[in-house]
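Read the structure below first, then the notes.
Note that the structure is a prediction, hence the values are computed from the model and not measured.
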Amino acid sequence: MKNLIAKLYGNDVVRYVFFGGCTTLVNLVSFFILRKAGLALTIANVLSIILAILFAYVVNSKYVFQDKCNTLRDHIRPFCKFISARLVTMAVEIVGVWLLVEVCGMMDMLGKFMNQFIVMILNYIFSKYLVFTTGKKEKWRNES
């Protein structure tokens, strides 16, 4: 069993799905709590996305893509790229939730949940190929 867990943990897609699920939970639970607290749809949506983005940076950098940032300064560039990429997917999510809930009349939690799949795929692509590359380009050059 330990070998299976170690093998699965060695795959960045498996790690991303696991921690992406955790990030999605942060997003959905905070959205639910904020909506129950009486916040408007878009405000609750934006705040829940921001919380999820901050959580996602930490787990993606450290556990999923295992970025080679050794100092706080090393994190500045990937963090800026991460935030930029997440702003793009945040816009996709905000428009998607608005369309499904306000235009199509879907229940807010269902519309929010359905958008998570598109957002998760886009976030993986951006993170793997644009954001968490510190220390990897040199590794790829040395292997060539």
Side-chain angles (χ1 to χ4, degrees), residues 4-104 106-144:
L4 176 63
I5 292 170
K7 184 177 180 180
L8 289 173
Y9 188 77
N11 184 315
D12 69 345
V13 174
V14 172
R15 289 190 311 266
Y16 186 79
V17 169
F18 175 77
F19 287 109
C22 294
T23 301
T24 299
L25 279 175
V26 168
N27 193 337
L28 292 173
V29 169
S30 60
F31 178 75
F32 178 80
I33 292 168
L34 293 168
R35 288 292 283 157
K36 289 296 180 189
L39 269 70
L41 176 72
T42 302
I43 294 170
N45 197 23
V46 169
L47 290 175
S48 67
I49 293 168
I50 290 169
L51 289 172
I53 287 171
L54 294 173
F55 175 81
Y57 178 77
V58 173
V59 297
N60 282 331
S61 177
K62 185 169 179 132
Y63 302 111
V64 177
F65 299 106
Q66 300 170 344
D67 214 18
K68 304 300 182 215
C69 296
N70 296 319
T71 66
L72 185 58
R73 184 174 183 195
D74 292 342
H75 280 283
I76 293 171
R77 187 170 184 181
F79 183 75
C80 290
K81 290 192 294 185
F82 185 82
I83 295 299
S84 297
R86 293 299 169 115
L87 287 174
V88 170
T89 58
M90 181 179 182
V92 169
E93 186 171 349
I94 289 169
V95 170
V97 170
W98 178 81
L99 281 172
L100 290 175
V101 175
E102 298 293 339
V103 176
C104 297
M106 190 177 285
M107 291 174 33
D108 59 359
M109 284 302 295
L110 182 59
K112 178 81 169 168
F113 179 76
M114 289 180 62
N115 267 280
Q116 296 307 299
F117 296 101
I118 294 167
V119 169
M120 189 182 280
I121 291 166
L122 290 173
N123 284 336
Y124 177 80
I125 292 167
F126 290 153
S127 292
K128 181 168 178 83
Y129 298 106
L130 300 174
V131 176
F132 297 112
T133 57
T134 304
K136 293 181 177 84
K137 290 179 185 171
E138 294 81 14
K139 179 182 173 189
W140 294 330
R141 281 189 204 124
N142 292 337
E143 289 176 355
S144 307

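- Shortest non-hydrogen contact noted between T23 and A52 is CG2-O, 3.5 Å.
- Nearest approach of S127 to R86, heavy atoms of both residues: OG-NH2, 3.8 Å.
- With a 4.5 Å cut-off on side-chain heavy atoms, S61 and P78 do not count as touching.
- In this structure, CG on N123 lies 12.0 Å from CD1 on I118, to the nearest 0.5 angstrom.
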Enumerate, atom names and distances included, each donor-acceptor pair closer than 3.5 Å involving a side-chain atom of residues 31-38, sequence neighbours excluded.
{"unit_1": "R35", "atom_1": "NE", "unit_2": "D108", "atom_2": "OD2", "d": "3.0"}
{"unit_1": "R35", "atom_1": "NH1", "unit_2": "L39", "atom_2": "O", "d": "3.0"}
{"unit_1": "R35", "atom_1": "NH2", "unit_2": "D108", "atom_2": "OD2", "d": "3.3"}

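- Other residues, nucleotides and ligands contribute at most 12 non-hydrogen atoms within 6.0 Å of the CE atom of M114.
- No more than 12 heavy atoms of other residues, nucleotides or ligands sit less than 6.0 Å from atom OH of Y63.
- Formation of a donor-acceptor pair under 3.5 Å by the T89 side chain with backbone atoms of V92 is not found in this model.
- Side-chain N or O atoms of N45 include none that pairs as donor or acceptor with a backbone N or O of T42 at under 3.5 Å.
- When the ring pair (Phe, Tyr, Trp, His ring centres under 6.0 Å) test is applied to Y129, no partner is found at least two apart in sequence or on another chain.
- The distance from atom CZ of F79 to atom CZ of F132, rounded to the nearest 0.5 Å, is 9.5 Å.
- Pairs engaging residues 42-65 under the salt bridge (charged side-chain N to carboxylate O under 4.0 Å, His left out) rule: none recorded [sequence neighbours left out].
- Residues in residues 47-57 take part in these side-chain hydrogen bond (donor to acceptor under 3.5 Å, both in side chains) pairs, two or more places apart or across chains: N27-S48, S48-K112, Y57-H75.
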**Request:** Take I49 and V119 through the test side-chain contact (heavy atoms from CB on, under 4.5 Å) and record every step on the way to the result.
**Result:** CA-CA 11 Å; I49 293 168; V119 169; over 6 Å; no
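- Taking CG from L87 and CZ from F82, the interatomic distance works out to 10.5 Å, rounded to the nearest 0.5 Å.
- Between F19 and F55, a ring centre-to-centre spacing not shorter than 6.0 Å is recorded.
- Atom CE of M90 is separated from atom OG of S84 by 13.0 Å, given to the nearest 0.5 angstrom.
- Residues satisfying the ring pair (Phe, Tyr, Trp, His ring centres under 6.0 Å) criterion with Y124, sequence neighbours excluded, are Y16, F65.
- By the ring pair (Phe, Tyr, Trp, His ring centres under 6.0 Å) test, F18 pairs with no residue at all, sequence neighbours left out.
- Remark: N60 CG to I53 CD1 distance equals 11.5 Å, nearest 0.5 Å.
- Note that the CG atom of N115 and the OG1 atom of T24 stand 11.5 Å from one another [nearest 0.5 Å].
- For the residue pair V97 and G111, the shortest heavy atom distance occurs at CG2-O, 4.1 Å.
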